[in-house]
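Since the structure comes first, as structure tokens, the remarks are kept for the end.
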Amino acid sequence: MAKNAGVRVEMPVQDPLIRRTNFDEVALGYSEEMAKEEAARCLQCKTRPCVDGCPVNVQIPEFIAAINDGEYQQAYESIVETNVLPAVCGRVCPQESQCEARCVRGRKGEAVAIGRLERFVADWHLEHSKSAADGFQSNGHKVAVIGAGPAGLSCAGDLASRGYEVTVFEAFHTSGGVLVYGIPEFRLPKHIVEAEVKALQTAGVTIRTNCVVGRTISVDELFEQGYEAVFIGSGAGLPSFLGIEGESLLGVYSANEYLTRMNLMHAYDEAYDTPLRKHRRVAVIGGGNVAMDAARCALRMGAEEVSIVYRRSMVELPARVEEVHHAQEEGIVFNLLTNPIRILGDESNRVRALECLRMELCEPDESGRCRPAAVQGSNFEIEVDSVIIAIGTSPNPLIHRTTDNLDINRWGGIIVDEQTMQTTRPGVFAGGDAVTGSATVILAMGAGKIAAQSIDDYIQSKAQETQEA
Ligand code: FAD
Ligand code: SF4
Ligand code: SF4
């Protein structure tokens with residue numbers, strides 16, 4: 001049992017002064033002893049509220065009980081029954097607002113560290129497992145999945161486990177979606193994503209990279225090639241801009257571009273030839289996980305000062321609490337209640353400053369958040385030589401524009417029936433950021449799972465109709 005059952009076992013992390021100079025993983029994971037101590041805090045509640053808080057319904061009490069017994073392989077098997085990316089989710093899930101938010105332990109102390117335990121089990125498995133034999137047995141039906149991000153991979157994994165021959169069509173040269181091109185190495189090492197993708201391939205999923213659906217092949221052609229259903233998990237990779245003066249100056253990046261250069265193109269590694277200028281003072285506009293990631297990357301690239309510019313207060317900041325805490329420890333400056341209105345350039349068209357207005361919070365808006373209002377005449381400048389814009393993304397319109405009868409909403413999200421993930425076109429399903437706009441890994445995976453069930457129902461009922469005809 002933990003020394004103080006109300007408090008979770010801390011996870012060791014790299015020292016902030018050291019880690020701000022490298023791209024190695026920040027959180028170092030539990031040892032076996034720590035995992036057992038934390039697992040002992042679980043009350044094994046009969047009502048299992050934590051499971052309801054998990055969008056893919058990981059059987060939490062079961063896997064924690066198995067850790068308690070030292071049965072780590074059994075714990076792993078329990079998790080992967082419903083979650084195909086446990087090492088990823090254990091690291092980046094917003095656990096504090098999902099499973100852990102429902103944990104009974106949290107009522108009088110700290111919730112059981114479910115995510116950390118999930119990570120421990122998945123890492124233990126990666127270290128100890130022998131490569132599994134390919135036990136895939138086809139049921140004779142083919143399904144196409146567009147996008148190898150969390151939504152597509154989760155849908156593909158679930159369908160393969162039911163015997164479907166699934167091919168994932170991915171635009172990039174590598175799989176993982178935002179997990180590889182967005183989330184930095186120091187939060188989610190790429191070998192972890194690779195290993196979990198490989199496990200899916202061993203379980204029968206085929207991945208075809210460098211294939212842009214809507215350009216290389218269309219949804220209609222996929223049906224013509226014998227795929228009986230299509231799942232669209234193409235994400236929301238189109239960056240939004242502020243529409244303010246100076247956004248085309250040299251030194252302004254969308255967070256997507258900046259992070260892609262960093263993660264996929266290894267800009268931080270001198271062995272790679274990625275063009276990315278080193279900046280001295282960087283302002284990152286936005287307050288979500290993407291903004292924290294961009295700011296922490298800029299710091300690791302050698303910037304002397306990196307600031308977050310966010311128009312609301314710390315309370316409304318949408319990034320994960322842990323990421324904000326880590327960013328603060330590393331020395332990121334938080335310019336809160338600050339709204340950028342203009343990016344100023346020098347004679348060579350390079351960024352020289354960001355002009356902002358001070359904000360104050362007034363009454364809450366429709367979303368329940370306090371609406372910020374500008375304080376007139378409060379203009380001030382932050383001296384910077386780079387600005388990274390991280391204010392959100394929307395779905396790329398390519399698939400919608402090249403596919404008949406696929407309706408979208410006014411934000412570009414594909415319209416689906418939320419119970420089934422069925423789109424307005426029969427046989428075509430969608431989920432993840434392509435439907436909701438930028439959300440979370442686990443919500444995307446949850447949508448992929450629902451779609452897998454619906455695709456199974458759809459294909460089986462069509463097969464039944466054919467038999468009866
Ligand atoms: P994506 O991950 O975007 O995957 C979509 C895939 O489809 C991509 O690989 C793309 O290349 C491919 N694709 C697109 N169009 C086509 C096409 N036409 N043909 C073929 N392939 C195509 N969430 C969290 O839960 N925790 C976090 O800490 C967190 N941090 C984040 C940090 C950053 C920097 C970013 C950008 C996002 C973060 N998120 C986080 C959000 C999370 O990563 C996304 O919500 C999640 O990845 C969505 O999954 P998806 O499968 O819907 O889309
Ligand atoms: Fe919690 Fe995410 Fe794991 Fe579900 S997948 S149990 S929400 S950490
Ligand atoms: Fe354990 Fe918390 Fe779930 Fe109860 S709610 S079973 S204490 S993890």
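Both ligands and their constituent atoms are indexed starting at 1 by order of listing. Computed from a predicted model, the values in this text were never measured in an experiment. Numbering starts at 1 and runs along the sequence shown.
- The shortest separation from a heavy atom of D293 to ligand 1 is under 4.0 Å, placing the residue in contact.
- For ligand 2 and E118, the ligand atoms under 4.0 Å from any heavy atom of the residue are 3 (Fe), 5 (S), 6 (S), 8 (S).
- Protein heavy atom at the shortest distance from atom 51 (O) of ligand 1 is A151 N, 2.9 Å.
- Numbered from 1 in the order shown, with element, the atoms of ligand 1 that lie under 4.0 Å from a heavy atom of F172 read 11 (O).
- Within ligand 1, counting atoms from 1 as listed, the ones closer than 4.0 Å to a heavy atom of V441 are 23 (N), 24 (C), 25 (O), 42 (C), 43 (O), 45 (O).
- Summarising the contacts of atom 15 (N) of ligand 1 with A439, C211, G431, S234, the nearest heavy atom is found in S234.
- For ligand 2 and N83, the ligand atoms under 4.0 Å from any heavy atom of the residue are 5 (S).
- Evaluation of the side chain to side chain contact (heavy atoms under 4.5 Å, CB included) rule for A111 yields R8, E100, C103 as partners, not counting sequence neighbours.
- For ligand 1, the atoms sitting less than 4.0 Å from at least one non-hydrogen atom of A444 are 48 (C), 49 (O), 52 (O), numbered in the order shown with element in parentheses.
- Neither the backbone nor the side chain of T393 comes within 4.0 Å of ligand 1, counting heavy atoms alone.
- Atom 33 (C) of ligand 1 has its closest protein heavy atom at V290 CG2, 3.6 Å.
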Start with the C-alpha gap between V145 and T167, add the side-chain angles, then the distance that decides, and say whether side chain to side chain contact (heavy atoms under 4.5 Å, CB included) holds.
CA-CA 6 Å; V145 168; T167 305; over 6 Å; no
Hey, mind stepping through R281 and E305 against salt bridge (Lys or Arg N to Asp or Glu O under 4.0 Å) and telling me if it holds?
CA-CA 5 Å; R281 294 170 65 91; E305 184 173 304; 3.7 Å; yes
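- Scanning P94, C155, G149 for the heavy atom closest to atom 4 (O) of ligand 1 points to G149.
- Shortest contact from atom 46 (C) of ligand 1 to any protein heavy atom: D433 OD2, 3.8 Å.
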Please step through salt bridge (Lys or Arg N to Asp or Glu O under 4.0 Å) for the pair E110 and R105, ending with a clear verdict.
CA-CA 6 Å; E110 290 183 333; R105 271 272 182 225; over 6 Å; no
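- Taking every heavy atom of F169 and a limit of under 4.0 angstrom, the matching atoms of ligand 1 come to 20 (C), 21 (N).
- Closest to atom 11 (O) of ligand 1 by heavy atom, among Q95, H173, R187, E170, is E170.
- Residues in residues 50-92 take part in these ring pair (Phe, Tyr, Trp, His ring centres under 6.0 Å) pairs, two or more places apart or across chains: Y72-F120, Y72-W124, Y76-H125.
- Legend: ring pair (Phe, Tyr, Trp, His ring centres under 6.0 Å) pairs involving residues 385-431, not counting sequence neighbours, sorted by first then second residue: F429-Y458.
- Taking a cut-off of 2.8 Å, the protein N, O or S atoms nearer than that to atom 1 (Fe) of ligand 3 are C42 SG.
- Between G182 and ligand 1, no N or O atom pair is found at a separation short of 3.5 Å.
- Residue contacts with ligand 1 include G233, since one or more of its heavy atoms lies under 4.0 Å from the ligand.
- Scanning the protein heavy atoms around atom 53 (O) of ligand 1, the nearest turns out to be G235 CA, 3.3 Å.
- Side-chain atoms of I442 and V56, non-hydrogen and from C-beta on, do get closer than 4.5 Å to each other.
- Annotation: atom 21 (N) of ligand 1 to nearest protein heavy atom, A171 N, 3.1 Å.
- Here D123 pairs with R91 in a salt bridge; the nearest charged N to carboxylate O distance falls below 4.0 Å.
- The shortest N or O to N or O distance between V178 and ligand 1 is below 3.5 Å.
- Salt bridge annotation for R19-E25: absent, with no cationic side-chain nitrogen under 4.0 angstrom from a carboxylate oxygen.
- Considering backbone and side-chain N/O atoms, I183 never comes within less than 3.5 Å of an N/O atom of ligand 1.
- The pair E316-R311 does not meet the salt-bridge criterion, since no charged nitrogen lies less than 4.0 angstrom from a carboxylate oxygen.
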Take V58 and V51 through the test side chain to side chain contact (heavy atoms under 4.5 Å, CB included) and record every step on the way to the result.
CA-CA 6 Å; V58 168; V51 178; over 6 Å; no
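- Residue I414 forms a side-chain contact (heavy atoms from CB on, under 4.5 Å) with just one option from N409, T423, D407, and that option is T423.
- Salt bridge annotation for R296-E330: present, with a cationic side-chain nitrogen under 4.0 angstrom from a carboxylate oxygen.
- Proximity to Q98 (heavy-atom distance under 4.0 Å) selects the following atoms of ligand 2: 7 (S).
- Taking atom 18 (N) of ligand 1 as the reference point, the nearest protein heavy-atom neighbour is V213 O, 2.9 Å.
- Residue C89 has at least one heavy-atom neighbour below 4.0 Å for each of these atoms of ligand 2: 5 (S).
- In this structure, G237 has no heavy atom closer than 4.0 Å to ligand 1.
- Ligand-side atoms of ligand 1 in range of V212: 18 (N), 19 (N), range being under 4.0 angstrom from any heavy atom.
- Within ligand 1, the atoms closer than 4.0 Å to a non-hydrogen atom of G177 are 2 (O), 4 (O), 8 (C), 9 (O), numbered from 1 in the order shown.
- For ligand 1, the atoms lying closer than 4.0 Å to a non-hydrogen atom of G432 are 52 (O).
- Counting the atoms of ligand 1 from 1 in the order shown, those under 4.0 Å from a heavy atom of I146 are 19 (N), 20 (C).
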Please lay out, stage by stage, how T174 and T209 fare under the test side chain to side chain contact (heavy atoms under 4.5 Å, CB included).
CA-CA 6 Å; T174 184; T209 50; 5.7 Å; no
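- Geometric assessment of R300 against the ring of F186 yields a positive cation-pi assignment under the 6.0 Å and 45° thresholds.
- Annotation: atom 7 (O) of ligand 1 to nearest protein heavy atom, G147 CA, 3.2 Å.
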What verdict does the salt bridge (Lys or Arg N to Asp or Glu O under 4.0 Å) test give for D404 and R425, after you've listed the backbone C-alpha separation in whole Å, the side-chain angles of each residue and the deciding distance to 0.1 Å?
CA-CA 8 Å; D404 291 337; R425 177 165 171 172; 5.4 Å; no
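- Nearest protein heavy-atom contact of atom 2 (Fe) of ligand 2 is C93 SG, 2.4 Å.
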Does the side chain to side chain contact (heavy atoms under 4.5 Å, CB included) test come out yes or no for D158 and K449, once each step is laid out?
CA-CA 7 Å; D158 271 29; K449 274 187 96 60; 2.9 Å; yes
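- Atom 26 (N) of ligand 1 has as its closest protein heavy atom V92 O, 2.7 Å.
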For the pair E118 and N83, evaluate side-chain hydrogen bond (donor to acceptor under 3.5 Å, both in side chains) and give the outcome as yes or no after the intermediate values.
CA-CA 10 Å; E118 186 169 312; N83 180 359; 3.0 Å; yes
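- With a 4.0 Å cut-off on non-hydrogen atoms, L259 touches ligand 1 through its side chain and not its backbone.
- Side-chain rings of F334 and Y310 stay apart, their centers remaining 6.0 Å or farther from each other.
- With respect to K36 and E33, no salt bridge is recorded, no charged nitrogen being found less than 4.0 Å from a carboxylate O.
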